[in-house]
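Remember, it's 1-based here, ligands and their atoms both numbered in the order they're listed. Scope of the values below: all heavy atoms of this structure, side chains included, with no hydrogens, waters or symmetry mates.
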Amino acid sequence: MTATVLLVEDERKLRELVRSYLERAGFAVLSTGSGAEAINVATTARPDLIVLDLGLPDVPGEAVAREVRAANPTPILMLTAKSGEQDRIAGLELGADDYVTKPFSPRELILRVQAILRRNAPSAAAGSEASFGDGTLLIDESRRIVRVRGTEVELTPTEWGILVALTTVPGRVYSRFELINRVRGYDFEGYERTIDSHVKNLRRKIEEDPANPLIVQTVLGGGYRLGFSRDV
Ligand code: CA
């Protein structure tokens with residue numbers, strides 16, 4: 001099945017360049033230079049991934065990401081011209097799954113897009129559910145389904161990756177460095193604090209009281225651990 005990428009970039013030349021690379025890599029591409037149009041297209045066409053420029057003339061990329069994320073957990077790869085760490089972290093706080101700083105190589109961008117989609121893809125294998133905390137948390141890795149207290153929860157690729165990593169060995173403490181490597185599959189230049197933003201978003205979706213988390217627990221000075229044990 002051909003994956004559809006929504007490309008949002010107001011610089012026409014760059015948009016056309018990235019579009020041609022994406023098409024050559026086999027993606028169906030929808031593109032626009034307008035943030036308002038991007039919000040529309042994202043909610044109606046349901047692309048598999050959004051490549052989103054942070055600096056748009058009408059609606060800022062941050063606002064586009066927020067709107068899109070309010071509707072569904074479409075993976076987002078941010079394009080940013082701002083190279084300051086704060087700006088990068090701000091982008092990831094919105095739940096972006098990765099970012100590329102301009103100027104970037106289109107080949108690198110394609111590799112990142114493919115990596116996010118690969119992480120997000122359900123496998124064809126037969127489903128089997130792992131259960132944690134007396135059935136409070138159910139995870140079907142092959143079908144990429146999470147259910148909490150009986151309700152299916154939609155997670156972004158990064159939120160999913162963190163949760164699955166923590167369930168590998170319940171109770172074991174995973175450092176931010178370890179989590180970011182597990183989730184992204186490569187070193188992330190030490191932006192370990194971005195994990196905290198994703199954990200915050202994850203808790204909002206799965207914890208009854210995100211301020212007093214029972215499932216994803218913080219270990220001071222250590223990292224995070226799953227607060228449940230695996231049911232047998
Ligand atoms: Ca721009």
Side-chain angles (χ1 to χ4, degrees), residues 2-120 156-159 180 183-191 193-195 197-198 200-201:
T2 308
T4 301
V5 175
L6 170 60
L7 169 63
V8 191
E9 168 58 66
D10 60 302
E11 292 166 51
R12 195 176 53 83
K13 276 189 170 168
L14 182 58
R15 185 168 71 235
E16 283 169 8
L17 177 72
V18 172
R19 184 185 180 107
S20 72
Y21 268 85
L22 284 166
E23 284 174 346
R24 255 179 285 163
F27 295 107
V29 183
L30 303 164
S31 67
T32 174
S34 146
E37 194 180 11
I39 294 168
N40 256 325
V41 173
T43 44
T44 53
R46 295 290 303 257
D48 298 290
L49 182 141
I50 303 173
V51 176
L52 177 62
D53 181 26
L54 202 55
L56 295 169
D58 58 343
V59 182
E62 291 95 327
V64 175
R66 211 175 298 121
E67 288 280 325
V68 167
R69 273 292 156 78
N72 55 61
T74 312
I76 295 175
L77 174 70
M78 281 275 188
L79 302 180
T80 171
K82 305 163 181 170
S83 58
E85 187 186 44
Q86 278 318 107
D87 295 319
R88 295 180 181 200
I89 290 172
L92 292 160
E93 272 170 6
L94 302 169
D97 295 288
D98 204 352
Y99 67 86
V100 171
T101 306
K102 294 177 187 175
F104 56 85
S105 109
R107 263 182 56 83
E108 170 73 15
L109 178 77
I110 300 298
L111 291 176
R112 300 279 186 102
V113 166
Q114 288 168 334
I116 295 173
L117 288 173
R118 213 168 27 242
R119 291 202 302 271
N120 204 30
T156 67
T158 305
E159 292 158 6
I180 215 149
V183 167
R184 298 197 190 277
Y186 54 86
D187 287 345
F188 203 57
E189 301 165 11
Y191 292 111
R193 276 180 298 150
T194 62
I195 283 287
S197 314
H198 289 285
K200 208 164 97 190
N201 294 336

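The Ca ion (ligand 1) has an N, O or S atom of D10 under 3.0 Å away, backbone or side chain. Distances from the Ca ion (ligand 1) show that D53 has an N/O/S atom below 3.0 Å. Here L54 fails the criterion, with no N, O or S atom under 3.0 Å of the Ca ion (ligand 1).
Counted within 6.0 Å of CZ on R107, heavy atoms from surrounding residues, nucleotides or ligands total 12 or fewer; the atom is thus considered open.
One finds the CG atom of D58 at 8.5 Å from the CG atom of D10 (value rounded to the nearest 0.5 Å).
Using a cutoff of 4.0 Å between basic side-chain nitrogens and carboxylate oxygens, E62 and R66 are not scored as salt-bridged. Salt-bridge annotation for D53 and R15: absent, with no side-chain N of the basic residue lying under 4.0 Å from a carboxylate O of the acidic one.
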